[in-house]
Structures are given as C-alpha cells and as structure tokens.
Amino acid sequence: MSTPLDLSTTLGNAWFPSPLFTASGCASSGKELAQFISLKDIGAVVTKSVMNKPRHGRPTPRMAETPSGMLNSIGLQGPGIDAFLANDVPWLLAQGSRVIVSIAGETVDEYSVLARKLRAVSGISAIEVNISCPNVESRGQVFATDCDTASRVIDGVRKVIGGEIPILAKLTPDVTNIVDIAKSVVDAGADGVALINTVLGMVINLDTMKPHLGGKTGGLSGPAIRPISVRAIYQVHEALPKLPILGMGGVSSGRDALELILAGASGISVGTASFGNPSAIASIQKELVTLLAQRGFTSFQQAVGYAHRS
Amino acid sequence: MSTPLDLSTTLGNAWFPSPLFTASGCASSGKELAQFISLKDIGAVVTKSVMNKPRHGRPTPRMAETPSGMLNSIGLQGPGIDAFLANDVPWLLAQGSRVIVSIAGETVDEYSVLARKLRAVSGISAIEVNISCPNVESRGQVFATDCDTASRVIDGVRKVIGGEIPILAKLTPDVTNIVDIAKSVVDAGADGVALINTVLGMVINLDTMKPHLGGKTGGLSGPAIRPISVRAIYQVHEALPKLPILGMGGVSSGRDALELILAGASGISVGTASFGNPSAIASIQKELVTLLAQRGFTSFQQAVGYAHRS
Amino acid sequence: MSTINKAATQVDATIIANKRIGAYHQIILSVGEAVRHCRPGNFIAIQVGGDSSRMVLRRAFAISRTSETAQFGGTVELIVAPHGSGSRWLCAQSEGVEVNVVTPLGKAFGIPVEPANALLIGGGYGSAPLFGLADVLKSRGCKVDMILGASNGSKIYAPMEGKRSVNSLKIFTEDGSMGESGRVTSQLSQIVAERDIEIIYSCGPMAMLKAITEIADQLGVMHQASVEESMACGIGICMTCVLPVKDEDGAISMLRSCIDGPVMDGSKVCWDLVGKSTESF
Amino acid sequence: MSTINKAATQVDATIIANKRIGAYHQIILSVGEAVRHCRPGNFIAIQVGGDSSRMVLRRAFAISRTSETAQFGGTVELIVAPHGSGSRWLCAQSEGVEVNVVTPLGKAFGIPVEPANALLIGGGYGSAPLFGLADVLKSRGCKVDMILGASNGSKIYAPMEGKRSVNSLKIFTEDGSMGESGRVTSQLSQIVAERDIEIIYSCGPMAMLKAITEIADQLGVMHQASVEESMACGIGICMTCVLPVKDEDGAISMLRSCIDGPVMDGSKVCWDLVGKSTESF
Ligand SMILES: Cc1cc2nc3c(=O)[nH]c(=O)nc-3n(C[C@H](O)[C@H](O)[C@H](O)COP(=O)(O)OP(=O)(O)OC[C@H]3O[C@@H](n4cnc5c(N)ncnc54)[C@H](O)[C@@H]3O)c2cc1C
Ligand SMILES: Cc1cc2nc3c(=O)[nH]c(=O)nc-3n(C[C@H](O)[C@H](O)[C@H](O)COP(=O)(O)OP(=O)(O)OC[C@H]3O[C@@H](n4cnc5c(N)ncnc54)[C@H](O)[C@@H]3O)c2cc1C
Ligand SMILES: Cc1cc2nc3c(=O)[nH]c(=O)nc-3n(C[C@H](O)[C@H](O)[C@H](O)COP(=O)(O)O)c2cc1C
Ligand SMILES: Cc1cc2nc3c(=O)[nH]c(=O)nc-3n(C[C@H](O)[C@H](O)[C@H](O)COP(=O)(O)O)c2cc1C
Ligand code: FES
Ligand code: FES
C-alpha cells in the first residue's frame, strides 16, 4: 500500500483536514446530520446564514423539485445571531467539528454588526459572508450583483474582523460578469470566494396556475446547475489563480466534486445532495480519495485548478 | 364535442396557427425534421442563426450531456446568408411552413447587412435577432449583456427592415437584470423578445482533466434550465405586459410549455427536446391542447400570462 | 451525539410485496433492525427513480404497520397513492427491487399513560398509520374508535386485519360510494360526546386536520394531528416543511414538520396562517 | 418531402433478447417494418433511462444484423459495450422492456456494383456492422476477408454464424490474449497485396480509421470508414457530430457524421484536423 493521500486543504489561513464541507442552509446547524455522518471527519460545517434578529422566513410552499434540481425559497429563517452563538456554535465545537459561520444582512451595517458579534467567539475557522441576498436599502437588489455594494459589505466585515479569521464572500451566479464581482470583493479584503449560490428560478403550479412557491421565485440548486458552477469557478480561478475558492453547486458524487476541484476549487460544499442522501458528504469524500489516487495525485492540493494547466 | 380550441397566436403583426416553433439551432433548416413532423402543422420553423459568411464553427467535441440537460458549443457553423436564402428558405416556404429567420453577427454592422439581404426576400414571417453571441469589436463580450450594444444592433436592423416584418431580440439569461435589457431592445424597436438562449456552462472531462468541449465553455439547455426560463419570462412579462415573448428553455412536454405560457410566453420554441425525440414538437402541441381544454381555456391567447392575474 | 433523528438509519431495503388495494399500493419493505425503532406516526423517506433519475429528493411515507418475521427480518408496510412521478415510480417497482430508505423519522403519536377513550380519524391514505396506532393503544388498554373519510370508496384504506383493534369504524365518502355520505367531521361532535372521547388522533389533508382542530378545541378534547407539508429533506436540514406553531406564551415559530412533527398538538398549529406571509405573525 | 432521414421511423421497440457476450451485450430489438430499410452501416438511436431519466439524449448504436421472423416481425441486433450511464442502462434492461428507437439512420456502406475483393476491418464493437455487410457483399459475389482487433480477447466480437460469409478471419489483440498480438494494421499492407484487395471497409476507433486510411491511400485502395463522433441528435439538426471532410476541390467542410456519415470515404476525411480549431483549415 502507498502512503495515504493527503486530503487537507486551506482557505486563507484556515486549515481543514478534508475539502468537503456542508453548504450553508443545507445542514441547518449540524445537529440534524450528526446521526448520519461524523461531523468531525468532514472538512467543516458551514452553518445556515444567520442574521442579527430571529426571522420567520418566507411563506410555504418553500420548495419545488425540478429536473435534476430543486427550487427553494426559505427566506433566511433562523434564530438570530445571539441564540445561534449561544447554542449552536458551542455544540459544534464540542463535537470536534470545524465551523464556518455564514452571515447575512439586509443592510451593509447589519453585516458589520454580525461580524462584531462573531469576533468575540473563539474557535470559528472562517466566516462566509452571504452577499447573495436582497439589500433592503437598494430596492431589494442583491448585494452581490453590484461591485460597489458587494465590496462595501466585505470592507465593513474585514475592518471589524481584522486579519485573524478568513473571510469568504459568497457570490451569486446571476450576474453578467462574476469575475468583476470577485475582483471587487478581493480588493475589499475577502480572503476567498464561495461559488456559487443558487440561480434565480421559478416554477408555475399547473393546478393553481400561479407561481408555486410562496415567495414566487426561488433558488435553483442541485446537479442541474453543476455546469454553471464549474464554469464560474473556472472563470474566477483563471482570472485570480491565487484566490481560494470554496466551490459548490450540484455536487452529489466524488466525480462531481473532482470536476469543481479541477476547475479551481480548494474546497467543496455539498448542499442539495444531502437532502436526497443524508450521508452524501461522507460518500463523496470517500469517492474523491479513490478518484484522486487513480489519477496519480498524492495530495488533494495537486488537483486544484489542474484543468488550467497545459 | 365542443368547438375546437383556437391555438393561433401572434408575435407583433405575424400570425401563426400554433404557438409551437422549433428553436434556432435545434432544427437546422427544417429538412432534417420533415421526416418526423409535418412542418406546416407547427407554428413556425425558426432556422439556425445564420451569419453573413459561411462558417466552420468551433472544434469538436461540441457537446456534453449534463443532468437533465446538455452543453453545446457549435460556434454558429453555417452556410452563410446567401446560400441559406438561395436553398433553405424557398424549400421551407414550398412546404407551406412559416419561417422565422434567425440572424447573428460579429459586429453591429453585420446584423444590418443581414437585415438588408432578408428585406429582399418575401414570405418570411419574422426575424429573430440572436444577440446572445460575442461582439468581436468589444473583447468578445456578448451583445445582449449590455443595454447599449444590444439596442444598437436592434436599432440597425429595425432601420433596415422598416415596419413590415416583426423583429424579435433573442436574449441571454446570463445578465444581472434581463428586464433592463428587454426594455432597451424594445426602445430600439424590437417587436418582441425571445427568451432564453442557453446559460453559459462548462464540463470538465475527468479522463483528460481538461474542459471537455473544444470551445471550453458551452451553452446549457434542456429541462435543467426550465426554472430559469420560466423566471425570465415571468419577470419580463411583469415589467412589459404587452410585449410579445417567444419563450423557450427546457420545454419537452405540454406541461412544460404551459408553464412558460402561463408565465407570459405567446409562443414556445422547442430545442433540446427534439434531439431526444424528433417528434417532440408534435407531441407537445397535442398535449398542450388537452391541458388548455382541461383548464377551461377556449383559446390559447387566454392562457398567456395567466399566472400574473389575481 | 445529537438528539435529533437519533433513531434513524439509512439502509437499502428490498421490496417484499407490492399489491394494489383500491386507489393505493400496499408496499412492504424489509428494513432490518430499523423496524424496532419505528413507532406509529413515524415516517420513512425513500430514494426514487433509480441511478440516473432526475428526481433528486426523497419521498416521505407514513409507516402503516411493522412486523418481524424469520423470513424477511423487520418489515414496514406503506400505503402509497400514485400521485406524481416519484410515488408512481415506487408503485411500479416489483418485488425484489432495492430502494434506499431512511427511517424512522419524525415524532410519533404520543400514547396516553393511562387507558383512555381514543378516536382515530383518517382521510384518504391518512388512515395508514392509524391501524398501527390502534394496536398500540389497545395494548395499553385504551378503547379505540375510528372514522375514515375520502372522496370515494376506492380511496378508503381499511384492511380487515386492521379492524381487529378498533371498537367501531365509521366510514364517510363525499360521493356516498362507501359508508355514509359526508365528511369525517360530519358527526364528530356527537361521536365525541356519545363515546366519551378523551383524545383524538388524526392524519389526512391539512383542511381536514384544521376542521378537526376547530371541533376538538371547542369540545376541549386533546388532538394529535399528523401534518403533511412538502418536504425536501425529511431530516431537518432544509427548512422547507415548516408550519406556524404557537408556544405556551402564544409566540409563533415556524417549526419543521419533519422533526418537530409530523405529529403535532392540533391546538397549537396556527392553521389559518399556513402558507401566509410570515410578516402577519 | 426531404431526402434526409427519409427511411427513418420512430417506434417503440421491445427487447427480445439481451445476452452478455464477452465484454459486450448482444441486444435484439423488435422494430417491425423499419427493418426492411436497414442496411449495413446504418445505425439506431435509442432513448435511455426511462420516464424520469436525467439523460436527455439518445444513444447511437450500429445495426449489427437484421432478420424477419413470424414470431417477432422485424428485428435488429446490436452489440453494446456498457460504457457510460446510458449504455449501462440499456445493457441492464430485461427482455420485454420497451424502448423508443429511431432507425434506420445515417449513410450505409456502399456496395460495389461489380464483384470485388473486400477487406473488412473492425476494432472492438466496430465489428458489429461488418458481419451484416459481409453477408451482403458475399451475396453480390464479392470475396470477403476480415481483420478484427481489440485490446484483449473479451473485446473481440466474432460470432460463429457471422464467420459463414467470410473467406478468412484474422484476429489481433494488443495483449495477445486472442489471435496474434498486435493491431489490425500490423500486417495490413501485406494482406492487401496478397489477397488483391480492392476495397476496405472499416469500423472502429477514430485512431484506427486514421491509420487504415494512411495505408489505404498509400496503396491506392478504396476505403469506406464508419466514423464515430459524439452525437446529440443523430438526425442532422444539432451540428455536434461534425468532421472536417475535403471535397473534390480540396475545400474543407464540417460534415455531419450522422447524416453525411457515419460511413465516409476515408481518404476524404481530414483525420489530422479532427478536434482542431477550424481557423486552421
Ligand atoms: C410525513 C408524511 C407522510 C406521508 N405519508 C404518505 C403515505 O402514507 N402515503 C402516501 O401516498 N403519501 C404520503 N405522503 C405524501 C407523499 O410524500 C407525496 O405524495 C409524495 O412525496 C409525492 O411525490 P411524487 O413524486 O409522487 O409527486 P411530485 O409532485 O412529483 O413531488 C414533487 C416533490 O414534492 C414533494 N411532495 C409533493 N407532494 C407532497 C406531499 N403531499 N407531502 C410531502 N411532500 C410532497 C415530493 O416529496 C417531491 O419532492 C406523506 C407525506 C409526508 C410529509
Ligand atoms: C454511429 C455510431 C455507432 C455506434 N455504434 C456502437 C455500437 O455498435 N456499440 C457500442 O457499444 N457503441 C456504439 N457507439 C457508441 C455509443 O453511441 C456510445 O458508447 C454511447 O452513446 C455512450 O453512451 P453512455 O450513456 O453509455 O455514455 P456517456 O458518456 O454517459 O454519454 C454521454 C453522451 O455522449 C454521447 N457519447 C458518448 N460516447 C459516444 C460515442 N463514442 N459515440 C457517440 N456518442 C457518444 C452519448 O450519446 C451521450 O449523449 C456508436 C456511436 C455512433 C455515433
Ligand atoms: C434549501 C436551501 C437553503 C439554502 N440556504 C442558504 C443560506 O442560508 N445561505 C447561503 O449562503 N446559501 C444557501 N443556500 C445555497 C447553498 O449553500 C448552495 O450555494 C447552493 O444550494 C448550491 O449548491 P448545491 O447544488 O450543492 O445545493 C441554500 C440552498 C438550499 C437548497
Ligand atoms: C445545439 C444547439 C444549438 C443552438 N444554436 C442556436 C443558434 O444558432 N441561435 C440561437 O439563437 N440559439 C441557439 N441555440 C439555443 C436554443 O435556440 C434555445 O434558446 C436553447 O437551447 C434553450 O431551449 P431548449 O432548452 O429547448 O433547448 C442552440 C441550442 C442548442 C442546444
Ligand atoms: S423537510 Fe427539510 S427541514 Fe423538514
Ligand atoms: S448528431 Fe446532431 S447533427 Fe449529427
């Protein structure tokens, strides 16, 4: 037998024993998955985007299955940052799990407030700043669709956090040029980007003949969008080869994960696949090791961005 | 038996006996499908986007199947407008088929040149202006990703064509705000919009560990993108309720077509579904009639945009 | 370890039997050891469509009854209505086919500590979990009456063996094609009074659960309702299956029906707010 | 009416037999009347994965042989390598399953008007269409020799009955596990000379077809090659399956291998330019 493949990865100055993470909003705060996978044996748990105040979210129905994918419209239901930090983070750390906290705000300020509360907590590996949500100060326009608002959010968080914890800006693919957005958040101080959030979609219910979701539109996720995530990751890695990318979008097997990795992802979040298969992340991790070894890689890092090399 | 349902539709001043059309690039110039469906019994044949000069297109491989979809990277291979008008249009008209000619250019001028050549031909029902292709004068940026270039193309074509033939601007969903683009092409003189072209995507080949397509990126089509097309059509119809929309993207059954129609489409183009099933358009047309009747509609027109009514 | 989903396991289960019964399919799955943790009210989440399926989500079904035999080990019985593409796929599978399942999931029906007079009300395939529940209640000394309803007789699921544990069974159909014509709530107040009902258990469409809640609240009878919301994950990680539920202080939270339900205290569910904008809370 | 795809029909075909043969599956489909139009070199396009499949495209397979019997009507035989998800799905279907097919598609092998000495060369499952071709050639008075090659013996498809029509059969495997070790081109020049070959028919991987073309061109022997490009539609509407082909004047066009092929004049195909940027033409 050869030496075991080194699966570890880094995002900024944070180290993870494996590149497989949960996707924000697809693992709640971790407890629910613990029966099916060992949380300390995956790379990290990325928690559901938390806001400053508790929030009820959008009306039901909140989901629709679509060909090889699904739409969701949760509307960031959650307990608010205080309850989250009091209950969920300590539990995860007690499991020996690495924790990436995802934050979301309705205003540029709300993100800074959240960052301030996070700064006080020890043990968090990284912060994912979900800027793919509506900015109430700008007619509900999504922060990450505009270079200026995107960078103002990241700049605010960076100033509060200082240099200790890596900040990942989570971008939406619903933009004309995702490379421009990535560049602007990097300039504002992001250590990396998380690509991609869901794609805006809609399903019409043929019985009611109205939009099916309570929130009308929803986010498309799952294997259907994988070609979009691979493309986005490839484009951003090509433009910014040193920038750590946490890749996601439609990964449900080791081969899917490898596609995103070759395109340039240093870590992989698994979202929708866990709904269809609660042990998905563990299986994907196992399959990935085999696929990397079959291709002669001795460490995960060697494969990152390999599709760009000639 | 009740009176037969009126399936006819209009796009601008063009009348069609049925709202089901081929999608540009997914029916070549019609001949190839004639063995499987009766071309005169569908709404119209939308021909493959033609350019001024003959063109070889992109290197192979040109396609990859993806979950519930496919990527293509054809690169507008074609005979050029002169050969096209000499051979293909007369054949289609001889079949009794309605013809919508799709044109594509590399420069704003090329579109005007194409329009001039089309103006001389009689029998064409409408022109679809495919502006979802790269503008060589602007670092390959896609015309339809920018309000300004998009409207310059449409303005040029409109001036040449005059008011006789309806012009449909075909838009890409790969933009931050598709409603803005729709508004700008309408201001420039488009009679309607065709929504949506393919979504930019990529597949990495796990054997070569490089992008699979010869052209690296490709366009994602098929059922996977249907939630995106429904959303785009809904958004544009909401903002511009009088604007005729030729809807497409992932339609492979009558129920799919109905979704796009309720969202606001006055016509439906069927693309990828014909690859998997050469008689798809005929079946969809039949299924649609049943679905409309079951819901109490007596004409197709009543269903257009129904999801917006309260 | 977490306390959520703590009895759940994920296994490949073989279809032991698949039989059409009226409008439904009775499907028996061999799930092994997992069966020991299945209680009436729990559900099972099944992967559908096979290897190259375009359906990415599991389908949830109530566990109707369980058994353990030497031949098949632990088995669970489901009553499946062929509804959309996933349930139709499941109903079309033959014996011997393996499907991946996660079970038991969700909160089970609460069983009274003292013998009580219980009324079980099922709508359509909602009767499925009630027969297993009746067995348990009876074994605890409860008196069990049952009301079943559906639009027509083919949608009444009421197996012979199931009736063993019930003291009485009344059937209502909207078209009168079986039992009396009417709804399960038609004579509910009377029945509760006559039979001295102390607790109602219900499972069926949301509108039925709501109507039962109104009567139960009026009469001051406890009511455990098994709700049915669209579920993407079934294990509490997606937040799609939520319902507005009041706590003791009257504050409303959006609870996940997959882990805080499907069995809920009917009087706590804000039925009128289901599907409403949450700003109105 | 168009002249393209003019013999093609779309039918639901029942799988009559599905048998493993070495690395392949021999699948027999009942296609009815369509069989009368199938010629050696034509192919069939099959819908795969069933109703809720995530595979949206058909799969193309060469028609190996055809027959007409009272019991099954017209049938076609395919030799399928379980490769990716679609062909694996097909190989896993049992007798009696129906699949939607479109056939016959594509240009068939050209048959010499006068009896000639023909050499048929197949690589892997590429031998499939050659046995049907051999029958036809023999019935026209041709002398038919055959060379088959593959990486190993399990990938040589050479049925007993098929050998009836061939004068000689030579097998090469790269690992020497069957026949001689080497490639189909190893002794090609000699064989052509010794046996006075006038026309070569080939089917197999592109690299093999290219190597045969070089030798055939050198020797001035006609060469009809059945090419295999990735096909999305199989009927000429998508332009994915193109190959650079020279016309009489040396001008290169990108021809669709589904309707202008799969059988092409080997010497006209610009093998070196396949997959290259078209600007270099
Ligand atoms: C706790 C629980 C117990 C259930 N018990 C039974 C039972 O015993 N027998 C039975 O026939 N059905 C039962 N259902 C309903 C069953 O889950 C749905 O009919 C089924 O999921 C529909 O899937 P489909 O593919 O046929 O339909 P589709 O409409 O194609 O489903 C699309 C998506 O919506 C979801 N969905 C659609 N309808 C429902 C629904 N009513 N409830 C939950 N999710 C839905 C599906 O899971 C899927 O993700 C139960 C549902 C829940 C939540
Ligand atoms: C004219 C022709 C004749 C053929 N004859 C045979 C035969 O007799 N026996 C046999 O085993 N195979 C044959 N093939 C190859 C067969 O079509 C592919 O192996 C099959 O399509 C692979 O599908 P998959 O789902 O297993 O693989 P995947 O890799 O999952 O297929 C993905 C997509 O790529 C396409 N694709 C992948 N490989 C090929 C290929 N080599 N050729 C064409 N399309 C491809 C598929 O059609 C599908 O759309 C033939 C191909 C062509 C074009
Ligand atoms: C139900 C659901 C809820 C989600 N909630 C969040 C969220 O709170 N914050 C966030 O950044 N992304 C959220 N996402 C997006 C995912 O993290 C991920 O970016 C996306 O789903 C693509 O990955 P997938 O295809 O693996 O699901 C959510 C996705 C789903 C399906
Ligand atoms: C192989 C292929 C070629 C295409 N070529 C063109 C084209 O030449 N011009 C154009 O406007 N759209 C072209 N399209 C886009 C389609 O017309 C259509 O907008 C898109 O595929 C979405 O519809 P669908 O999901 O039904 O295929 C092409 C699509 C495919 C799959
Ligand atoms: S179904 Fe996912 S949280 Fe309940
Ligand atoms: S496969 Fe579509 S044109 Fe040949």
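Letters A, B, ... are given to chains in the order of the sequence lines, protein chains preceding strands, and every chain is numbered from 1.
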task = Check step by step if side chain to side chain contact (heavy atoms under 4.5 Å, CB included) holds for F275(A) and I235(C).
result = CA-CA 8 Å; F275(A) 301 168; I235(C) 59 169; over 6 Å; no
inquiry  = Need one label for S29(A): side chain, backbone, both or neither, based on atoms under 4.5 Å from any heavy atom in chain C.
reply    = neither
ask   = How many angstroms lie between atom OG1 of T3(C) and atom CD of Q35(A), to the nearest 0.5 angstrom?
value = 10.0 Å
ask   = Closest approach of A232(C) and M63(A), non-hydrogen atoms and distance?
value = N-CE, 3.8 Å
task = Return the minimal non-hydrogen interatomic distance between P59(A) and K276(C), and the atom names on each side.
result = CB-O, 3.2 Å
query = Should the heavy atoms of other residues, nucleotides or ligands under 6.0 Å from CG of D51(C) be counted, would the total exceed 12?
reply = no
message = With a 4.5 angstrom heavy-atom cut-off, is it the side chain or the backbone of P223(A) that approaches chain C, or both, or neither?
response = side chain
message = Is it the case that atom CZ in R55(A) sees more than 12 heavy atoms from other parts of the structure closer than 6.0 Å?
response = yes
More than 12 heavy atoms of other groups within 6.0 Å of K210(A) NZ = yes
note = Closest non-hydrogen atoms of G69(A) and V56(C), given as atom of the first, atom of the second and distance, are O-CG2, 3.6 Å
task = Taking all heavy atoms of Q77(A) and all of M254(C), pick out the closest pair and write down the distance.
result = NE2-O, 2.8 Å
remark   = Value for SG (C233(C)) from CG (L33(A)), rounded to nearest 0.5 Å, stands at 8.5 Å
request  = Please determine if E32(A) and R256(C) form a salt bridge, counting it only when a charged side-chain N lies under 4.0 Å from a carboxylate O.
outcome  = yes
task = Considering non-hydrogen atoms only, spot the tightest contact between I74(A) and C238(C) and give its length.
result = CD1-O, 3.2 Å
Greatest number of heavy atom pairs closer than 4.5 Å to chain A - which of S230(C), G236(C), G234(C), A45(C) = G236(C)
ask   = Which pair of heavy atoms, one from H56(A) and one from S253(C), lies closest together, and at what distance?
value = CE1-CA, 4.3 Å
ask   = Is there a donor-acceptor contact under 3.5 Å from the side chain of R62(A) to the main chain of M239(C)?
value = yes
query = Which bit of V102(C) is near chain A, if near means a heavy-atom gap under 4.5 Å: side chain, backbone, both or neither?
reply = side chain
key: Separation between CG of L273(C) and OG1 of T60(A), rounded to the nearest 0.5 Å   = 10.5 Å
key: Heavy-atom proximity to chain A below 4.5 Å, by part of I259(C)   = side chain
query = Distance from I237(C) atom CD1 to K31(A) atom NZ, nearest 0.5 Å?
reply = 14.5 Å
ask   = Between R59(C) and E65(A), does a side chain to side chain contact (heavy atoms under 4.5 Å, CB included) hold up when you go through it step by step?
value = CA-CA 11 Å; R59(C) 272 42 178 176; E65(A) 198 183 38; 2.5 Å; yes
Per-residue contact mode, P67(A) against chain C (heavy atom under 4.5 angstrom) = both
ask   = Which value, rounded to the nearest 0.5 Å, describes the distance between S279(A) atom OG and Q10(C) atom CD?
value = 3.5 Å
query = Do any N or O atoms from the side chain of Q47(C) and from the backbone of N277(A) form a donor-acceptor pair under 3.5 angstrom?
reply = no
